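Working notes, beginning with the structure itself.
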Amino acid sequence: PPPRRPEGLPVRWAAAQLHRGRRVLGGDGRRSSRARHRRRVRAAEEGTHVGPTRTAPEGVDVWNPAFDVTPHELITAIITEATLKLLPKAETKRTFMAVYSSMDAAARAVSHIMAQAITPCALEFMDENAINMVREYAATNTHTHLPQQAAALLMIEIDGSRAHIDADVKNVDTAARVAGHIATQHASTQQEVDALWQTRKALSPCLRKIAPKKINEDIVVPVSRMAELINGLNHLSTQYNIPIVNFGHAGNGNIHVNL
């Protein structure tokens with residue numbers, strides 16, 4: 001049986017146990033086919049120990065490539081410390097959906113939203129292919145509130161104090177009304193909130209239903225270039241006759257690309 005985690009060691013100890021009997025990160029790379037890429041060798045103990053305490057089995061084969069896997073010209077920063085800030089739970093939350101005639105319009109709206117002072121706690125997007133897939137394949141009637149000309153949508157949630165939530169929603173709603181904006185639907189009850197989110201939540205079941213062997217990748221781009229990426233993916237979809245469905249976290253440009 002694998003050794004028990006020594007008291008006080010971080011959770012990453014468990015990941016080391018998954019590599020029991022196999023090659024893990026760390027070491028001199030002499031047994032690795034990737035050794036030819038090595039420019040600098042780091043100590044094996046970085047991958048097998050936390051401080052003085054061993055976290056991997058004795059004799060495990062390890063390889064420590066440092067930063068050799070990623071070409072140096074692609075490394076623009078190194079994170080050496082992260083601080084977690086805990087905030088009190090918000091007193092209230094508001095949910096609404098904004099619909100657009102093009103992905104370009106939705107991307108402009110995201111840029112405007114992120115440029116003002118109020119940061120949404122959720123800012124999700126769906127492209128036209130995702131909207132059409134939900135319309136056609138969703139098991140429940142989740143699409144009746146979507147205008148037929150919808151080519152992109154944003155799911156937006158704002159949280160905060162009861163004293164300021166109305167003003168915060170108004171500011172974000174105003175920022176979202178760019179050229180190409182078709183309609184905005186505000187939820188006033190929990191049932192309406194659930195109905196709005198059901199459009200987004202229906203995506204994954206629909207994808208599994210029509211494309212169980214789909215390929216999905218997470219791609220991150222600057223928010224200002226999100227529309228450029230989606231339009232480029234649509235061009236590739238047409239060129240190679242491969243359906244591509246895109247949705248994701250618009251606020252940070254994190255896009256789930258599904259082929």
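Position 1 is the first residue of the sequence, and the numbers go up from there. On a predicted model such as this, the values are computed, not experimentally measured, just so you know.
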- Message: Working note: Arg94 + Asp159, criterion salt bridge (Lys or Arg N to Asp or Glu O under 4.0 Å); need CA distance, chi angles, decisive distance, verdict.
- Response: CA-CA 6 Å; Arg94 299 284 180 83; Asp159 62 3; over 6 Å; no
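- Of the candidates Asn234, Val221, Val220, Asn246, Val221 is the only one forming a side chain to side chain contact (heavy atoms under 4.5 Å, CB included) with Leu229.
- From Leu146, atom CG reaches atom CE of Met126 across 7.0 Å, with rounding to the nearest 0.5 Å.
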- In sequence, state the C-alpha distance, the side-chain angles, and the governing distance for Met155 and Phe125, and then conclude on side chain to side chain contact (heavy atoms under 4.5 Å, CB included). CA-CA 6 Å; Met155 286 294 306; Phe125 90 95; over 6 Å; no
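- Rounded to the nearest 0.5 angstrom, Leu196 CG and Gln191 CD are separated by 11.0 Å.
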- Message: Under the criterion side-chain hydrogen bond (donor to acceptor under 3.5 Å, both in side chains), I'd like the reasoning laid out for Gln198 against Asp194: C-alpha separation, chi angles, the key distance, then a yes or no.
- Response: CA-CA 6 Å; Gln198 187 57 38; Asp194 294 340; over 6 Å; no
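- At least one side-chain heavy atom of Ile158 sits less than 4.5 Å from a side-chain heavy atom of Phe96.
- Residues Tyr100 and Ala176 come closest through the heavy atom pair OH-O, 2.7 Å.
- Under the 4.5 Å side-chain heavy-atom criterion for grouping Ile, Leu, Val, Met, Phe, Trp and Tyr, Leu203 is connected to Leu153 within one hydrophobic cluster.
- Here the shortest heavy-atom pairing between Ile156 and Ala98 reads CD1-CB, 4.5 Å.
- Rounded to the nearest 0.5 angstrom, Arg108 CZ and Ile113 CD1 are separated by 12.5 Å.
- When the shell of 6.0 Å around NZ of Lys93 is examined, it contains 12 or fewer heavy atoms from other residues, nucleotides or ligands.
- Donor-acceptor pairing under 3.5 Å is recorded for the side chains of Asn231 and Asp104.
- In this structure, Asp168 CG and Ser161 OG are separated by 7.0 Å, a value rounded to the nearest 0.5 Å.
- Heavy atoms from other residues, nucleotides or ligands lying under 6.0 Å from CD of Glu217 number 12 at most.
- Ser101 approaches Ala151 most closely through the heavy-atom pair O-CB, 3.1 Å.
- A heavy-atom distance below 4.5 Å is found between the side chains of Glu124 and Trp197.
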- Message: Determine whether Asn216 and Val257 satisfy the following criterion, side chain to side chain contact (heavy atoms under 4.5 Å, CB included), listing intermediate values before the conclusion.
- Response: CA-CA 5 Å; Asn216 61 282; Val257 179; over 6 Å; no
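- In terms of the side-chain hydrogen bond (donor to acceptor under 3.5 Å, both in side chains) criterion, residue partners of Glu192 (sequence neighbours excluded) are, by chain and number, Ser188.
- Inspection of the Glu157 and Thr95 side chains reveals an N or O donor paired with an N or O acceptor under 3.5 Å.
- Residue Pro243 comes nearest to Ser237 through the heavy atom pair CA-OG, 3.8 Å, listed as atom of the first residue, atom of the second, then distance.
- Side-chain atoms of Thr55 come within 3.5 Å of backbone atoms of Thr48 as a donor-acceptor pair (strictly under, hydrogens ignored).
- With hydrogens and angles disregarded, a donor-acceptor distance shorter than 3.5 Å links the side chain of Thr174 to the backbone of Lys170.
- Between Glu128 atom CD and Met133 atom CE the span is 13.0 Å, to the nearest 0.5 Å.
- Between the NE2 atom in His235 and the CD1 atom in Ile244 there is a gap of 11.0 Å [rounded to 0.5 Å].
- Nearest heavy-atom pair across Val223 and Gly253 is CG2-N, 3.9 Å.
- In this structure, Arg177 places its CZ atom where more than 12 heavy-atom neighbours from other residues, nucleotides or ligands lie under 6.0 Å away.
- A donor and an acceptor atom, one from each side chain of Thr184 and His181, are located under 3.5 Å apart.
- In the model, Asn132 has no side-chain atom that pairs as donor or acceptor with a side-chain atom of Glu136 under 3.5 Å.
- Ring planes of Phe247 and His256: perpendicular class, angle over 60° (limits at 30 and 60°).
- In terms of heavy atoms, Gly180 sits closest to Ala105 at CA-CB, 3.9 Å.
- For the pair Thr53 (side chain) and His49 (backbone), a donor-acceptor distance under 3.5 Å is absent.
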